[in-house]
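Accompanying notes for the structure given below.
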Amino acid sequence: MEQLKTIGRELAMGSQGGFGQSKEFLDLVKSIGEARSKAEEDRIVLSEIDILKRKLLEPDIPKRKMKEYIIRLVYIEMLGHDASFAYIHAVKMSHDDNLLLKRTGYLAVTLFLNEDHDLIILIVNTIQKDLRSDNYLVVCAALNAICRLINEETIPAVLPQVVDLLNHHKEAVRKKAIMALHRFHRKSPSSVSHLISNFRKRLCDNDPGVMGATLCPLFDLITEDVASYKDLVSSFVSILKQVTERRLPKSYDYHQMPAPFIQIKLLKIMALLGSGDKSASEIMYMVLGDLFKKCDSSTNIGNAILYECIRSISCIIPSPKLLEAAADAISKFLKSDSHNLKYMGIDGLGRLIKISPDIAEQHQLAVIDCLEDPDDTLKRKTFELLYKMTKSSNVEVIVDRMIDYMISINDNHYKTEIASRCVELAEQFAPSNQWFIQIMNKVFEHAGDLVNIKVAHNLMRLIAEGFGEDDDDADSKLRLSAVESYLQIMSEPKLPSLFLQVISWVLGEYGTADGKYSASYISGKLCDVADAYSSDETVKGYAVSALMKIYAFEIASGRKVDVLPECQSLIEELLASHSTDLQQRAYELQALLALDARAVESILPLDASCEDIEVDKDLSFLNGYIQQAIESGAQPYISERERSGMLETTDYHSQDHHEVPSHALRFEAYERPKPSSLRTQASTELVPLPEPSYYSEAHQPISTSSVSERESSEIKLRLDGVKQKWGRPSYQSSTSASSTPPQAANGTSSHPDVGVGSSSLKPRSSYESKKPEIYPEKQRLAASLFGGSSSSRSDRKSSSGGHKPAKGTASKPPKENPIPVQPPPDLLDFGEPTATSVTATDPFKELEGLMDSSSQDGGSTDVMGVLYSDAAPVTTTTSVDSLLSELSDSSKGNPGTYQSQTSKGPNSQEALEKDALVRQMGVNPTSQNPTLFKDLLG
Amino acid sequence: KIERSERERGRKMGIRFILMVNKQGQTRLAQYYEWLTLEERRALEGEIVRKCLARNDQQQCSFVEHRNYKIVYRRYASLFFMVGVDDDENELAILEFIHLLVETMDKHFGNVCELDIMFHLEKAHFMLEEMVMNGCIVETSKANILSPIQLMDKAH
């Protein structure tokens with residue numbers, strides 16, 4: 001047997017040099033495949049870049065060679081290096097007449113370029129040409145490219161042709177054309193708004209592939225505007241019914257499930273259409289009920305559909321019977337051993353709980369199990385569920401757990417999310433003010449740099465306004481408890497900036513309000529903050545403003561202010577600060593200290609942060625003064641527009657809008673010159689006409705060029721809409737200022753930012769610039785949580801359960817044979833066949849171990865098992881491939897029938913070639929990376 | 001342009017990327033359905049791979065949340081297939097989509113292995129081009145997916 005195979009390999013090697021690719025390419029792939037580290041891979045790629053740069057300069061590169069270069073470029077970019085030096089070659093290749101080369105060119109271009117890249121212009125013409133091709137595969141290639149490369153500006157260049165192709169005789173073309181239209185709709189809905197009816201039409205296409213694809217754009221359209229598609233409810237329902245009744249071609253079956261991906265898309269659409277619509281929902285009851293009965297819950301794909309049914313039911317107005325069926329399906333998910341199904345179950349529970357709140361109770365234990373599960377994904381999903389089922393009775397438990405979890409994780413993205421959820425729940429359900437403050441303190445302490453600045457503002461507002469009810473006593477207690485907790489927390493090192501801002505503000509407003517703490521104590525604390533976080537200007541600003549308020553309240557109540565020496569030195573330092581904001585605050589504080597009690601009280605009244613300040617934008621209080629000035633001979637005010645002579649700004653806007661097409665590139669070919677008409681036109685133009693009418697008559701019809709010229713000459717004058725950097729504020733800046741919401745500030749409009757004003761804008765940007773990062777701690781955490789070892793053995797054990805043990809042991813698959821059971825040591829390697837003691841004798845179990853464990857139990861894998869075992873005796877001959885094909889069509893059992901099918905013909909040869917290549921390249925399975933040869937499907 | 005890309009990012013588009021990465025963390029195939037710069041891709045792939053490889057595949061979900069994506073992944077021998085999807089995608093269905101992809105490649109290559117994908121990177125991409133457009137699953141019939149590729153093979 002061994003000999004036979006060797007002969008086969010030699011033969012294959014002799015007839016074809018590997019995969020028909022050059023030795024260079026094979027070497028590259030080999031070296032990348034065997035690279036042991038990222039650094040090594042980088043070295044290989046960098047030298048490859050050098051090689052290609054040189055090679056691409058050579059004249060007359062044969063096309064086949066060029067194709068290979070392009071693929072090598074794809075490799076370079078895929079492995080994270082820049083190949084922009086050769087983009088142009090990919091573009092050129094897309095012009096080629098040969099289909100394979102053309103497609104490779106298009107592929108590379110779509111991988112390299114985004115739709116706004118300059119080189120795209122060079123492709124639009126090719127695409128136009130290809131759309132007209134007689135070869136439908138060329139048309140398809142062009143449509144593929146359209147879906148990746150066409151942007152808003154280039155849509156008009158290809159739109160008419162794409163629309164024509166919607167009626168192409170080849171279903172593959174119709175399908176891709178509808179997707180191109182889908183893409184246009186996404187890019188620029190207005191460009192195809194008149195073509196929407198085509199999507200409805202294609203839904204009735206007699207090819208199921210086209211129909212299935214059309215569901216994608218329809219899903220988008222219905223999401224945007226449900227009402228216009230209500231008439232399609234019964235069509236969708238009837239399509240779904242037909243699909244479940246196996247009316248579609250068998251080739252759409254997946255693991256004996258008829259067209260499951262189409263079913264799922266239909267269910268998604270039905271969820272949209274039935275939402276809040278009783279009559280539409282009722283139409284769906286039947287088919288949904290049938291699905292629950294029909295779906296095989298022992299296969300993954302069956303469960304996927306069941307899950308989608310649950311989702312649909314949670315969206316529409318369901319019948320009690322359907323709800324019950326959904327609840328049953330969920331409890332099956334939750335009881336399953338598979339984590340994937342548990343996850344789906346928890347998710348389903350979260351959806352259904354909105355409709356029947358008591359459904360979760362019967363699954364309490366399952367939910368707690370999931371919450372405590374070491375699997376982070378499952379845990380998070382469970383927190384999501386808890387978040388949805390929070391009410392005032394359980395808010396304390398849930399939020400406490402959330403906060404513990406929040407403290408424990410390092411993923412900033414999720415930390416932010418869970419922090420904001422804690423805040424939301426606390427705001428909504430807080431049982432007491434003290435508890436609320438406590439929770440907020442924890443959130444700020446542990447995730448202060450991540451929470452939205454609005455949260456801080458809400459907290460400040462809440463402390464200022466109280467909890468709504470007019471109970472001043474409760475409010476002041478709340479404030480006192482806040483002040484007390486802050487004074488305590490302040491001593492902790494390294495608090496987040498946002499938290500310090502809140503603390504400073506609250507201390508400024510209410511630190512001395514209760515009389516419990518003296519002004520000098522509070523001001524000392526504030527100076528400490530400013531001192532300890534001297535690099536944080538925002539915090540310093542808050543601290544200084546807080547100091548100002550403390551002093552103002554003291555002055556207003558008639559007490560004498562003793563500025564602490566450290567405060568004095570802080571103020572002096574800030575008077576010379578580089579930050580104008582801090583300087584301003586320091587000067588204001590200094591000025592305030594010199595004022596008398598009455599003036600101070602009107603500037604900063606006690607506890608007035610919630611008073612609305614009405615800003616008189618028209619400055620009407622100056623009217624008297626102006627009147628007086630005019631009467632005494634002053635010039636009246638001329639508005640800015642009038643002064644600069646910019647009366648027609650609005651005109652420019654509309655004009656500009658109209659002329660967009662004239663700026664855009666034209667993609668249609670130039671018309672052939674028509675000599676006769678030209679002459680007549682010239683003669684008319686030579687007729688001397690009075691100047692003004694000539695202008696309007698002759699130039700209007702040919703307007704595009706002349707008008708754009710006119711405009712370009714004037715373009716330098718167009719300053720409207722441009723933000724001025726220096727000088728008078730342009731209208732833009734004034735609008736942005738007026739659009740900021742009226743803020744509750746303390747005192748007069750001269751410094752509205754005491755609490756939450758201008759300074760609050762700064763921190764936001766600095767937070768946003770901090771992108772979530774993964775810290776090494778997280779890796780450690782993941783490692784400690786999931787510890788990588790010993791997975792392989794148990795994996796195999798568990799997966800073997802679903803298969804009938806007797807079969808398959810008879811023979812080994814050919815490729816497995818030469819692989820010795822001693823791969824090189826590999827630190828990252830887990831779950832590879834090193835742990836052999838259990839399974840070394842049974843190669844089939846070994847293969848099964850490689851299958852996803854989630855599909856371990858149940859029909860589909862059983863079928864696979866049967867197939868594999870049936871196949872086993874034949875594998876040693878040349879028809880390995882034909883066996884797997886039965887997966888897709890598994891009801892027939894005779895492998896012989898498949899061997900005759902043409903599509904599978906080349907495969908056996910390829911398998912041999914592969915083996916031959918192995919030897920030719922010296923990449924034997926014994927060599928560095930045996931896994932390269934491992935069959936993915938086992 | 002910035003405004004436009006923001007609008008698109010806000011939109012749900014189903015599949016956002018498909019990655020094939022071996023267990024050493026080396027990328028074997030990458031297809032993005034929204035534009036990311038080279039640096040963004042590199043960072044994203046690094047993060048995802050670290051995240052997924054740190055999970056042992058037994059007794060854990062095949063799903064991981066990452067930033068705004070949900071990653072559905074599945075391991076076949078040495079190769080991880082990772083699909084980044086929007087939050088409201090059906091994870092189980094995506095898991096089966098991955099399997100369909102592997103079955104399709106298997107049907108074409110015959111006992112497909114990592115090396116097949118490396119040697120025929122463009123073909124693997126062609127299959128994906130048939131299966132997914134605009135981030136949507138548009139074709140699931142193996143015959144339809146493979147027929148253009150077979151026709152091209154025949155022509156050469």
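Every value quoted in this text rests on a predicted model; they were computed, and no experiment measured them. Here is how names work: the chains are called A, B, and so on, in the same order as the sequence lines, proteins then strands, and each is numbered from 1.
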note = Here the pair of heavy atoms bringing B:M133 nearest to A:M179 is O-CE, 3.7 Å

Check: [Y] and [X] side chains under 4.5 Å, non-hydrogen atoms:
| X | Y | result |
| --- | --- | --- |
| B:R55 | A:D375 | yes |
| B:L151 | A:L137 | yes |
| A:H255 | B:H99 | yes |
| B:Y32 | A:L111 | no |
| B:E122 | A:R103 | no |
| A:D116 | B:W35 | no |
| A:Y254 | B:L100 | yes |
| B:C136 | A:H182 | yes |

Give a yes or no on whether the backbone of [Y] and the side-chain of [X] come within a donor-acceptor separation of less than 3.5 Å.
| X | Y | value |
| --- | --- | --- |
| B:R41 | A:M78 | no |
| B:E45 | A:L79 | no |
| A:R148 | B:N134 | no |
| A:N340 | B:L92 | no |
| A:H339 | B:C61 | no |
| B:N111 | A:D935 | no |
| A:Y307 | B:A93 | no |

With the threshold set at 4.0 Å, does a side-chain nitrogen-carboxylate oxygen contact exist between [X] and [Y]?
| X | Y | result |
| --- | --- | --- |
| B:E114 | A:K934 | no |
| A:D411 | B:K51 | yes |
| A:K175 | B:E130 | no |

Would you mind checking which part of [X] comes under 4.5 Å of any heavy atom in chain A, side chain (CB onward), backbone (N, CA, C, O), both or neither?
| X | answer |
| --- | --- |
| B:L121 | side chain |
| B:L38 | side chain |
| B:F97 | both |

remark   = Residue set satisfying side chain to side chain donor-acceptor pair (under 3.5 Å) with A:K381, at least two apart, ordered chain then number -> A:D347

message = To the nearest 0.5 Å, what is the distance between CZ on A:F261 and CE on B:M131?
response =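 Spacing of CZ (A:F261) from CE (B:M131) equals 7.5 Å.
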
Among [options], single out the residue with the greatest number of heavy-atom pairs under 4.5 Å to chain B.
| options | result |
| --- | --- |
| A:G80, A:G209, A:A213 | A:G80 |
| A:C216, A:P260, A:G212 | A:C216 |
| A:C140, A:A141, A:C147, A:P217 | A:C147 |

key: Non-neighbouring partners of A:K268 that pass salt bridge (charged side-chain N to carboxylate O under 4.0 Å, His left out), sequence neighbours left out   =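 A:K268 satisfies salt bridge (charged side-chain N to carboxylate O under 4.0 Å, His left out) with A:E308 once adjacent residues are dropped.
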
request  = For the pair B:F63 and A:Y343, name the ring-plane relationship: parallel under 30°, tilted 30 to 60°, perpendicular over 60°.
outcome  =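 Tilted, since the angle between the ring planes falls between 30° and 60°.
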
